[in-house]
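What follows is one structure encoded as structure tokens, with my remarks underneath.
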2 protein chains.
Amino acid sequence: MKGKIFIIEDEASIIQLVQLNLEKEGFIVASSLNGNEGLKELKKFEPNLLLLDWMLPDLSGIDVCKNIRKDNNFKNLPIIMLTAKGEEEDKIKGLESGVDDYITKPFSFNELSARIKAVLRRSDPNIVANDLIFEDLKLDRIEKRVFRDEKEIQLGPTEFRLLEFFLTNPKRVYSRDQILETVWPNNVNVESRTIDVHIRRLRQSINIKDKKELIRTVRSSGYSLV
Amino acid sequence: MKGKIFIIEDEASIIQLVQLNLEKEGFIVASSLNGNEGLKELKKFEPNLLLLDWMLPDLSGIDVCKNIRKDNNFKNLPIIMLTAKGEEEDKIKGLESGVDDYITKPFSFNELSARIKAVLRRSDPNIVANDLIFEDLKLDRIEKRVFRDEKEIQLGPTEFRLLEFFLTNPKRVYSRDQILETVWPNNVNVESRTIDVHIRRLRQSINIKDKKELIRTVRSSGYSLV
DNA sequence: TCTTAATGTTACAGAAATATTACAAATTAA
DNA sequence: TTAATTTGTAATATTTCTGTAACATTAAGA
């Protein structure tokens, strides 16, 4: 993670918190407490992404946003808007004016981080780690490809998500319920046994002759990647 | 242990007791005496887990729970419900409305602590200590693996739970009844002698040549790990 | 030493969990 | 639209685990 992030936000405490955490993740961070000044500094700083507060003392977030979009050098700068709770309608306006994503305060840093990465993944794939790697297994989230031992492996969508899930926490054992919750879209109801079948399909795809089995069955607990 | 726990409970004495003990275990604790206020403070506090009383002066626990589940930032917040004795039916409702576990008052702090850790272990494994270690024996609860002297040992589910049980209180002698209550799922009826067989299986698995016996038989009392 | 109660050991049948297969319905691509 | 792929489930096969009973051994007191 080596991208630059600029923050325009008038609450110093939020800046402090976010900045600290983002720097811990390896981003370079600069910030400003108001819109006009922020615009100037931002253009000097040339960030890969902007976190922009909706309510600023001088300009509104939308104004800042429009100004940026007018500037040829920054019209593609990804922007994540920070909105206070209950500004539901505003959210839509925000998106219309060319914001890439928004998040409502109060937010957890984890959620913010996830959104930042998701946005960067689209705009600037090289900045974010997109490859999940475990031993000789590689999963490319951008191109949606999977390789074992340099050789590409064809996976169906569900098997891809399943493997992606295991790769985010290798070695850890997950119960069928946990797998179901995370890998399947919410509020679908599938039999817990169905997972066995998908595990089998995944195993069949990623196993190579003479190479060790990658998915461990832990009786009465679930499965894990090893 | 470095997680944050929020308590919503109208009996100040309970809060005091629980808070004191949780802080002794290294948790950061905040609390509120009623539902509406609690909801607000909770969202500022961003806990890793919520202890929620079922009967509150303003909102019912269920209402609080539903409110939380609606909020994108907190819909996955683990919740343990505190219910008064005899609210059996309510328990079921509680679980349906998305509670992760419940405990009936009066409860011992040990039991509460155990449940908190169990719930956190699933949701936020990094917060809770997951390795049980005793001399050259190591049990990894996340990966579900057991090692003696660095070498991995294969255990069946019951033997795993049995060893996990002994490891939480090494040296202490447990009667067969105590073992049965804790290691076996509630409301199953197994002969007390069955334990002897499982002890044997466990012994066979974890004993290594030239290494001392790890499970001590205390005639007429039970077994212990030494 | 004998007796007895407690624990150790073994083998095995049934239970429980997982693996595998096949197939029809649903989804997506052509 | 048709063809191809993907999905979920049910049925069946296989593996592994469990509890019990029967018999063996041990410890300790008389």
Side-chain angles (χ1 to χ4, degrees), chain A residues 139 143-146 152-166 173-207 209 212-226, chain B residues 144-146 152-166 173-207 209 212-226:
Chain A
L139 181 148
E143 300 183 13
K144 305 263 178 203
R145 286 156 178 265
V146 173
E152 180 160 9
I153 284 162
Q154 231 56 45
L155 291 183
T158 304
E159 278 71 55
F160 186 91
R161 291 200 311 277
L162 191 55
L163 181 59
E164 186 179 12
F165 172 66
F166 278 121
V173 176
Y174 290 100
S175 71
R176 292 186 174 66
D177 281 349
Q178 289 176 310
I179 295 173
L180 222 51
E181 266 179 37
T182 318
V183 175
W184 267 257
N186 292 332
N187 63 50
V188 294
N189 255 37
V190 286
E191 291 287 322
S192 146
R193 304 260 91 235
T194 300
I195 289 169
D196 300 28
V197 178
H198 282 283
I199 289 282
R200 161 147 168 78
R201 288 171 182 152
L202 181 55
R203 275 180 169 149
Q204 247 172 351
S205 305
I206 65 176
N207 281 348
K209 198 160 61 75
K212 73 160 199 235
E213 171 71 53
L214 279 174
I215 295 175
R216 174 166 79 118
T217 304
V218 182
R219 191 167 240 255
S220 85
S221 294
Y223 299 96
S224 71
L225 192 69
V226 289
Chain B
K144 304 262 179 201
R145 289 175 187 279
V146 172
E152 179 161 10
I153 285 162
Q154 232 57 45
L155 292 183
T158 304
E159 279 70 57
F160 187 93
R161 291 199 311 276
L162 191 55
L163 180 59
E164 187 179 11
F165 173 67
F166 278 120
V173 177
Y174 290 101
S175 71
R176 292 185 173 67
D177 281 348
Q178 288 176 309
I179 295 174
L180 222 51
E181 263 179 39
T182 319
V183 175
W184 267 256
N186 294 331
N187 63 49
V188 295
N189 255 39
V190 285
E191 292 287 322
S192 148
R193 295 298 321 277
T194 299
I195 289 169
D196 299 28
V197 178
H198 282 285
I199 290 282
R200 155 136 173 90
R201 287 170 182 154
L202 181 55
R203 276 178 169 152
Q204 234 168 4
S205 304
I206 65 176
N207 281 348
K209 198 161 60 75
K212 72 160 198 235
E213 171 71 52
L214 279 174
I215 295 174
R216 177 166 75 114
T217 304
V218 183
R219 191 166 241 259
S220 83
S221 295
Y223 299 96
S224 73
L225 193 68
V226 288

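Sequence lines set the chain letters: A, B, ... in the order given, protein chains first and strands last, and positions in each chain run from 1.
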Residue closer to the 5' end of DNA chain C, A:Tyr223 versus B:Ile199 (nearest nucleotide): B:Ile199
Whether over 12 other heavy atoms sit under 6.0 Å from A:Gln154 CD: no
Nearest non-hydrogen partners of B:Val183 and B:Leu162, listed with the distance: CG1-N, 3.9 Å
Sugar-phosphate only, base, or nothing, as touched by A:Gln204 at under 4.0 Å among non-hydrogen atoms: nothing
Geometric class of the B:Trp184/B:His198 ring pair [parallel <30°, tilted 30-60°, perpendicular >60°]: perpendicular
Nearest-Å distance for atom pair NE2/P, residues A:His198 and C:dT20: 15 Å
Residue-phosphate contact under 4.0 Å: A:Arg176 side-chain N/O, C:dT18 OP1/OP2: yes
Nearest-Å distance for atom pair CD1/C1', residues B:Ile195 and C:dG8: 15 Å
Side chain to side chain donor-acceptor pair (under 3.5 Å) evaluation trace for B:Arg203 with B:Thr217: CA-CA 11 Å; B:Arg203 276 178 169 152; B:Thr217 304; 2.6 Å; yes
Sugar-phosphate only, base, or nothing, as touched by A:Arg203 at under 4.0 Å among non-hydrogen atoms: sugar-phosphate
Separation of atom CZ in A:Arg193 from atom P in C:dT21, rounded to whole Å: 16 Å
Sugar-phosphate, base or nothing in reach of B:Ser220, heavy atoms under 4.0 Å: sugar-phosphate
Heavy-atom donor-acceptor pair, A:Arg216 side chain to A:Ser224 backbone, under 3.5 Å: no
Rounded distance in Å - CD (A:Glu191) to C1' (C:dT18): 15 Å
Touch class at under 4.0 angstrom, heavy-atom based, for A:Gln154 against every strand present: nothing
Check: B:Lys144 and A:Ser220 side chains under 4.5 Å, non-hydrogen atoms: no
Sugar-phosphate only, base, or nothing, as touched by B:Thr217 at under 4.0 Å among non-hydrogen atoms: sugar-phosphate
Sub-4.5 Å side-chain heavy-atom contact between A:Leu225 and A:Ile215: yes
Nucleotide C:dC23, atom P - distance to CZ of A:Arg201 in whole Å: 14 Å
Distance in angstrom units between A:Arg219 CZ and C:dA16 C1', rounded: 6 Å
Heavy-atom contact window of chain A on DNA chain D, given 5' to 3' at under 4.0 Å: D:dT6 to D:dC17
Distance-only donor-acceptor test, A:Arg200 side-chain atoms vs C:dA19 base atoms, 3.5 Å: no
